[in-house]
Amino acid sequence: MLCDECKKNPATIFFKEVLPGKTVELHLCESCAHKRGLMTAKKMSPIEILQKLLKEKSAHDEQTICPGCYMTLAEFKRVGRFGCSKCVRSFESYIKNLLKQIHQSDKHIGRTLSPGEKKGIEVFKLREELKKALENEAYEEAAKIRDKLRKFGIDNVE
Amino acid sequence: MSNKILENIKWFTQNSKASREDDLEIIVSSRIRIARNIDDVPFEIKMKKQDSQRLITLVKSVLETKLRGRFVDMQQITPLEKESLFECHLISPAFIKKEKPAGVFITDTGNISIMINEEDHLRIQGLSRGLDFINILSEVFNVEEIIGADLGYAFDETYGFITSCPTNFGTGLRVSVLLHLPGLVFTNEVEKVLKGAIQIGMTVRGIYGEGSGIKGNLFQISNQHTLGLKEEDVIETITKLTHMIIDIEKKARDVILTKARNEFEDKIFRSLAVLRSARMVNTEEVLNLLSAVRLGVGAGIVRDVTLNTINEILIISRPANIQLYFGEILEERDRDVKRAEYIRKRLGGNGD
């Protein structure tokens, strides 16, 4: 494959840019990639960017607390890991910028869960309860649990 | 024990319909993993020992009723067995070092593993010989759905799947391909090709991941970004990149084999001869010798060795695997002896 730009040298750089409404794909040789400024700066990896950003402290880090797990923003900056699923919203203004710098995006566009699937460990608990109810031959109780399970879109409960 | 390791890697040593046979020499394997957490359960860093144990019990009970496979409790196996699972690509290096309760479920097919209590509650991983992202992705999502039917995932409309580390936010998806590129290494083109990969958001590592160094002309390319990208787009980008690299690799080989045919045939057959005759051989030497033989098989120069055999040797000759294969704890020197013995046996070697 020849370079899309000079049409002379073999293309060794595959370049893809996603722009609103279209995707540009280019196959370039090294010298044309240089000319376009694509090969200049050494890119930092997401982990390197994260480590750099975690070092930036601010005044309210100790007072910003996640109600889900009691992690403070200061603690997050020390360990670089979230304590629970609520941390992201608890530290949102900080995290939004962090994600933008790491991923060049702050919006998920991939696979989604429908609201019905956001059930935590409820379904599991209900299934366990149902098992117990059936073992104890508490059929009225079992019917109630089945109804609850159906609300999660689960019909075949056995 | 030797049977169990061979069982673990049969996805890698048996024929697959995934790729054309000539590309299988260059595309060694491909891998997909997704990171998931359970919504109501504290994340790894805030988990108490008891939480970790309970999560294992929950996930294990779901998996054992829906999937054929076996569960391995990391606290019940020896350091050597842990190392072996890593050498078979079934668990991550971080997982070996875990002190809290952790476990891995491995399917009977050997190519799907589910790590429980890694950095995230769940790391669901699929492996394939050659390039087979579409099928692995659907197998991985199948497991995700099986667990998700009983346990709800931590998910946010804006930020996608919530993971322990922000670098995995969004899809939680890591896609990687292991490529054998002796042609590009020899023609000195490999660096600029890989620089190109980095420019489009990929990262390049050696065969055993982070910090393992490049050995045996094997390069692992994977995506870095998980937010603002669709799963299919990540797969498409890495697939196109792979095909482009294969194209350049093949051209480099054509040049080498036209200009220096005798020299290369000599190197290939000498490498094969060493593997068939050596009485002691270390891991790194095996990787380099296997690379030459692999190239020979790809170019049709070596006809009496299959890629399946080369793949098996690649994994079984690793330090922990070779000990488990022979069922004994061996010092480094003795490993080199046993490794040479195993390889001679597999390649129909001399003087035994």
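By convention in this document, chain letters (A, B, ...) are assigned in the order of the sequence lines, proteins followed by strands, and residues within each chain are numbered from 1.
Of the atoms belonging to B/E44, not a single heavy atom falls under 4.5 Å from chain A. Using a 4.5 Å cut-off between heavy atoms, A/L98 touches chain B through its side chain atoms alone. At a 4.5 Å heavy-atom cutoff, the contact between B/V62 and chain A is made by side-chain atoms alone. With a 4.5 Å cut-off on non-hydrogen atoms, A/Y70 touches chain B through its backbone but not through its side chain. Residue contact with chain A, scored on non-hydrogen atoms closer than 4.5 Å, involves the backbone and the side chain of B/L227 alike. Using a 4.5 Å cut-off between heavy atoms, B/T226 touches chain A through backbone and side chain atoms alike. With a 4.5 angstrom heavy-atom cutoff, B/T171 touches chain A via backbone and side-chain atoms both. At a 4.5 Å heavy-atom cutoff, the contact between A/L50 and chain B is made by side-chain atoms alone. Heavy-atom distances place the side chain of A/E75, and not its backbone, under 4.5 Å from chain B. The part of B/D247 that comes within reach of chain A is its side chain, from C-beta onward, which places non-hydrogen atoms under 4.5 angstrom from that chain.
Annotation: cation-pi geometry satisfied between A/R111 and B/F141 (NZ/CZ under 6.0 angstrom from ring centroid, within 45° of ring axis). For the pair A/K144 and A/Y139, the cation-pi test (distance below 6.0 Å, angle within 45°) is failed.
In this structure, A/H108 and B/F155 have perpendicular ring planes: the angle between them is above 60°, well past the 30° mark.
A salt bridge is defined here as a Lys NZ or Arg NE, NH1 or NH2 lying under 4.0 Å from an Asp or Glu carboxylate O, and B/D254 with B/K250 fails to meet this definition. Under 4.0 Å is where a charged nitrogen must lie from a carboxylate oxygen, and between A/K131 and A/E135 no such pair does. Using a cutoff of 4.0 Å between basic side-chain nitrogens and carboxylate oxygens, B/D120 and B/R36 are not scored as salt-bridged.
Other residues, nucleotides and ligands contribute more than 12 heavy atoms inside 6.0 Å of the CD atom of A/Q63. Environment of NZ in A/K107: crowded, with over 12 heavy atoms of neighbouring residues, nucleotides or ligands closer than 6.0 Å.
The most heavy-atom pairs under 4.5 Å with chain B, out of A/C87, A/G110, A/C84, come from A/C84.
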